[in-house]
Protein chains: 2
Amino acid sequence: MKVPYSDDQNRLARFAKALGHPARIKILEILSNRGCCYSGNIADEFPIALSTLSQHLKELKTAGLIQGEINPPYIKYCIHKENWNIAKNLIDNFLAEKKDKYSPCDATS
Amino acid sequence: MKVPYSDDQNRLARFAKALGHPARIKILEILSNRGCCYSGNIADEFPIALSTLSQHLKELKTAGLIQGEINPPYIKYCIHKENWNIAKNLIDNFLAEKKDKYSPCDATS
DNA sequence: ATTATATTTCGTATTTTTGCGAAACACTAA
DNA sequence: TTAGTGTTTCGCAAAAATACGAAATATAAT
């Protein structure tokens, strides 16, 4: 069966999807602001069940945007540098590419 | 009831979510490559039912990334310049912000 | 060994997304 | 008015996402 999308299209969509929930945006911002390597008491920062938080962390992890380090008694998370940059490049490139390509289109709805 | 997420977090997640499907990435690339203002025969470019395509276009439209112009006998779509730039700024800013903030974290899984 | 702490997995319910074909709609051309 | 073209909406079904509490897991401290 035919594959209708390129690898880059799939990768880009995958990263974007991981960013597609405000809880995950917030989690990434928290991880970022703490410098890095933060644990699950992210839940103190906003009302969310630990199990729900865990699911979002898993999402971010499987998408490759964060990594977890088992560092007892905590599990610490941080942004995954390499993949983050890959995502950044894909997204930046995608967004920039369109920058000046639209023609004058007066549609408003 | 309390609102756990900021406006920017919600906006960013909303845009990202709209980009979170390869079909929509592809649609945006097609719109971009055609210069702009293109109609629904996007469906020629890859295997997708017209009704499904219509749904994805609606998604992109409600997210604000594209706009449709009723220009009989076609309905033409193009990238929504203002919102696209808003999305770009939000996303760029978000992605860049994290760039150098992670601390050395040797986690690999 | 027991207890306490941090986190994940399980089970479940609800909602949303995705996809398609059929039918409806809107507008043009005959 | 009728037929034709492009697009959307409807109805449906299947899959995925979201959220939570309860139970399980893992490790540290006692």
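Owing to the predicted nature of the structure, the values given are computational and were not obtained by experimental measurement. To find a chain, count down the sequence lines: A is the first, B the second, and so on, and within it residues start at 1.
- Applying the 4.0 Å criterion to OP1 and OP2 of dC20(C), one finds that Thr52(B) has a side-chain N or O inside that range.
- Rounded to whole Å, atom P of dT17(C) lies 15 Å from atom CG of Leu19(B).
- Comparing Gln55(B) and Gln55(A) along DNA chain C, the residue whose closest nucleotide (by nearest heavy atom) sits nearer the 5' end is Gln55(A).
- In this structure, the side chains of Glu69(B) and Cys78(B) stay at 4.5 Å or more apart for every pair of heavy atoms.
- Here Asp8(A) pairs with Arg11(A) under the side-chain hydrogen bond (donor to acceptor under 3.5 Å, both in side chains) rule; sequence neighbours left out.
- Computed from C1' positions of five pairs at each end, the angle between the two local axes of the helix from dA1(C)-dT30(D) to dA30(C)-dT1(D) equals 10°, rounded to 10 degrees.
- We find that CD of Glu59(A) is positioned 8 Å from C1' of dA17(D), with the value rounded to whole Å.
- Applying the 4.0 Å criterion to OP1 and OP2 of dT17(C), one finds that Lys17(B) has a side-chain N or O inside that range.
- For the pair Tyr77(B) and dG6(D), the criterion of a side-chain N or O lying under 4.0 Å from OP1 or OP2 is not met.
- A donor-acceptor pair under 3.5 Å links the side-chain atoms of Asn33(B) to the main chain of Glu29(B), judged by distance alone.
- For dA19(D), the OP1/OP2 oxygens have a side-chain nitrogen or oxygen of His21(A) closer than 4.0 Å.
- Checking the phosphate oxygens (OP1, OP2) of dA17(D), no side-chain nitrogen or oxygen of His56(A) falls inside 4.0 Å.
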